[in-house]
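Structure, as structure tokens:
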Amino acid sequence: MKIAAQNVPYVNIGIQFDPIRDEIMAEVEAVLSSGMYILGEKVTEFENSFAEYCGTKYAIGVANGTDSLILTMKGWGIGPGDEVIIPPNSFLASASSVALIGATPVFADVREDYNIDPEKIKAAITPKTKAIMPVHLTGRSADMDAVNEIAKAYGLKVLEDSAQAVGAIYKGKKTGNLGDAGSFSLHPLKNLNAAGDGGMITTNDDELYDYLQKARNHGLRNRDECEMWSLNSRLDALQAAILSVKLKHLPAWTERRRAIAAMYQENLSDLVWVPTDKDYEEAVYHTFIIQTDHRDELQAYLGEHNIGAKVHYPMPIHYQDAAAYLGYKKGDFPVTEKQAEHILSLPVYPELTDDQVMYTIETIRNFFANKK
Ligand SMILES: *Cc1c(COP(=O)(O)O)cnc(C)c1O
């Protein structure tokens with residue numbers, strides 16, 4: 001098989017718009033002429049459909065997927081002197097959110113599938129531990145039965161960082177409905193994306209829901225009464241209206257991501273490590289991250305053939321300058337550290353054509369054939 005050369009950018013967010021242009025523009029015009037730009041009906045509508053999609057009692061819109069982590073942990077009373085356990089292989093907001101409320105991020109290494117290792121969580125628990133934040137990295141759920149069992153045994157809260165995993169299924173349930181609360185980012189790069197920033201919190205907890213209603217809006221109980229100092233972290237109506245349109249398309253988009261992942265799995269597993277689903281899970285492939293000893297060379301070769309491939313993430317969080325005060329060193333998290341040198345994210349988004357995917361596969365196969 002020989003496929004004509006393709007241009008395969010790593011991401012191409014703009015092309016998502018054209019097929020849904022009419023639906024989106026009708027909503028945008030409705031919001032603009034309503035004059036109701038922050039919170040309000042469109043936000044409530046989106047919150048309701050998002051909660052229904054995740055299977056939770058509540059969903060609360062906020063300004064981004066970092067505030068959603070911060071506000072949820074504040075709602076549980078976590079702050080100075082407390083510790084929260086997180087994986088060192090994640091986007092840095094998983095750690096900064098803990099630090100920004102005055103608590104200490106404590107890392108626990110990951111497994112082969114990039115998600116937090118429950119055995120390592122146990123070893124990281126101290127009398128100061130208040131919560132565990134499993135990150136469903138790459139769109140695959142962490143091992144939530146094991147995480148929840150530990151949390152229960154030690155009386156800890158579980159906050160799912162589901163920023164990359166909207167719609168992912170673990171044992172019949174969606175992420176965001178597997179812990180005490182779920183945090184989502186609606187950043188343009190995520191699977192369900194706003195035309196700007198946005199975030200969501202899902203929960204079945206009445207008390208947390210009541211807190212978040214106030215906490216996202218200056219701590220206001222009503223128009224004039226402020227119960228506590230808090231952030232302005234509201235979702236705006238324009239984003240909510242756009243997101244409501246996109247949520248209807250999300251199942252089809254997810255299906256396409258999974259189909260592309262299946263093509264990579266089928267055609268690359270003899271050459272590189274590829275992620276695969278266990279029988280009880282359906283990952284949503286926010287990223288498709290392979291592992292190879294020849295990562296840098298392969299990335300350069302793909303680049304020469306106009307195929308974008310990236311590394312998520314080249315620097316584990318405990319290596320960041322911002323984390324230096326935590327006192328971790330190289331060697332503390334061997335799995336994460338090894339992965340950082342071997343991982344490569346291939347393009348995976350619904351708009352990719354089969355030809356683009358097959359060209360990427362063929363180019364990778366050529367790279368390894370030339371090595372022999
Ligand atoms: C994107 C992301 C966040 C932060 O979301 P923002 O909306 O950019 O604030 C947090 N955690 C993870 C794992 C992410 O991928």
Side-chain angles (χ1 to χ4, degrees), residues 10-13 15-16 20 46 49-56 59 65 68 87 89-91 93-94 110-116 133-145 147 159-179 182-194 198-202 243-266 268 274-290 310 312-313 343 345-352 357:
Y10 181 71
V11 288
N12 193 348
I13 299 166
I15 50 171
Q16 189 194 44
I20 54 174
F46 175 62
S49 14
F50 193 83
E52 194 185 337
Y53 179 77
C54 295
T56 53
S68 52
N89 177 13
S90 182
F91 180 62
S94 306
V110 298
R111 286 176 172 171
E112 191 179 49
D113 71 356
Y114 311 117
N115 282 329
I116 198 160
M133 186 197 296
V135 179
H136 305 311
L137 208 73
T138 76
R140 177 181 313 286
S141 173
D143 188 356
M144 291 304 291
D145 277 357
V147 171
L159 171 53
E160 301 171 67
D161 183 344
S162 197
Q164 304 189 359
V166 62
I169 292 170
Y170 174 88
K171 300 189 181 174
K173 277 176 149 186
K174 293 228 175 79
T175 60
N177 189 22
L178 297 164
S183 166
F184 294 82
S185 167
L186 307 165
H187 181 277
L189 283 171
K190 311 292 163 137
N191 290 23
L192 176 65
N193 54 351
M200 290 300 273
I201 301 154
T202 50
L243 287 158
S244 286
V245 171
K246 292 192 182 185
L247 185 58
K248 294 191 195 114
H249 295 276
L250 184 63
W253 289 341
T254 298
E255 211 175 297
R256 177 65 186 153
R257 282 178 184 271
R258 288 178 51 76
I260 294 166
M263 289 165 83
Y264 285 142
Q265 283 155 349
E266 206 177 302
L268 292 175
V274 294
T276 50
D277 287 7
K278 299 192 184 65
D279 58 6
Y280 53 78
E281 65 184 11
E282 281 178 36
V284 297
Y285 294 98
H286 170 65
T287 47
F288 190 92
I289 307 187
I290 61 169
K310 299 233 186 269
H312 300 91
Y313 296 90
I343 50 180
S345 309
L346 303 182
V348 55
Y349 43 96
E351 298 80 10
L352 282 176
V357 179

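Owing to the predicted nature of the structure, the values given are computational and were not obtained by experimental measurement. Hydrogens, waters and symmetry mates play no part in the numbers below; they use all other heavy atoms, side chains included.
Taking the side chain as every heavy atom from C-beta outward, L192 and M200 never approach each other to under 4.5 Å. Counting heavy atoms from C-beta on, the side chains of H249 and V245 come closer than 4.5 Å. Looking at heavy atoms from C-beta onward, D145 lies in side-chain contact with K171 at the 4.5 angstrom threshold. Considering only heavy atoms from C-beta on, E160 comes within 4.5 Å of M144 through its side chain. Side-chain atoms of L247 and Y53, non-hydrogen and from C-beta on, do get closer than 4.5 Å to each other. For the pair Y285 and L346, the minimum side-chain heavy-atom distance is 4.5 Å or more. Proximity of Q16 to Y349: side-chain heavy atoms (C-beta onward) are nowhere separated by under 4.5 Å. Residues F288 and R257 are not in side-chain contact: their nearest non-hydrogen atoms beyond the backbone lie 4.5 Å or more apart.
Here the CG-CD distance, from D113 to E281, works out to 7.0 Å after rounding to the nearest 0.5 Å. Going from atom CG of D279 over to atom OG1 of T276 covers 10.5 Å, rounded to the nearest 0.5 Å. Residue T138 holds its OG1 atom at 6.0 Å from CD1 of I289, rounded to the nearest 0.5 Å. In this structure, the separation between CG on D143 and NZ on K278 is 7.0 Å, given to the nearest 0.5 Å. Remark: E351 CD to I260 CD1 distance equals 8.5 Å, nearest 0.5 Å. Taken to the nearest 0.5 Å, the NZ atom of K173 stands 11.0 Å off from the OG atom of S141.
Closest approach of H136 to Q164, counting heavy atoms only: O-CB, 3.9 Å. Smallest separation of non-hydrogen atoms from N191 and V284: ND2-O, 3.2 Å. Among all heavy-atom pairs drawn from P275 and Q265, the shortest one is O-NE2, 2.7 Å. A pairwise comparison of heavy atoms in P350 and R256 identifies O-CG, 3.1 Å as the closest pair. Heavy atoms only, all atoms of each residue included: H286 and L189 are closest at CE1-O, 3.2 Å. Shown here for V274 and Y264, the closest heavy-atom pair between the two residues is CG1-O, 4.4 Å.
Of the possible polar contacts, one joining the T175 side chain to the A165 backbone as a donor-acceptor pair under 3.5 Å is found. The backbone N or O of H187 lies less than 3.5 Å from a partner atom in the side chain of S185, making a donor-acceptor pair. When atom types are taken as modelled, the side chain of T202 and the backbone of T56 share no donor-acceptor pair closer than 3.5 angstrom.
A search for side chain to side chain contact (heavy atoms under 4.5 Å, CB included) contacts involving F91 returns A93, Y313, not counting sequence neighbours. Shown here are the ring pair (Phe, Tyr, Trp, His ring centres under 6.0 Å) partners of F50, two or more places apart in sequence or in another chain: F46, F184. For V135, the side chain to side chain contact (heavy atoms under 4.5 Å, CB included) partners two or more places apart in sequence, or in a different chain, are P87, S90, S94, L137, D161.
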For this session: Show your reasoning for whether side-chain contact (heavy atoms from CB on, under 4.5 Å) applies to Y170 and N177.
Result: CA-CA 10 Å; Y170 174 88; N177 189 22; over 6 Å; no
For this session: Let me see the working for I116 and M133 under side-chain contact (heavy atoms from CB on, under 4.5 Å), right down to the final yes or no.
Result: CA-CA 9 Å; I116 198 160; M133 186 197 296; over 6 Å; no
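Checking H312 against S345 by side-chain atom types alone, a donor-acceptor pair falls below 3.5 Å.
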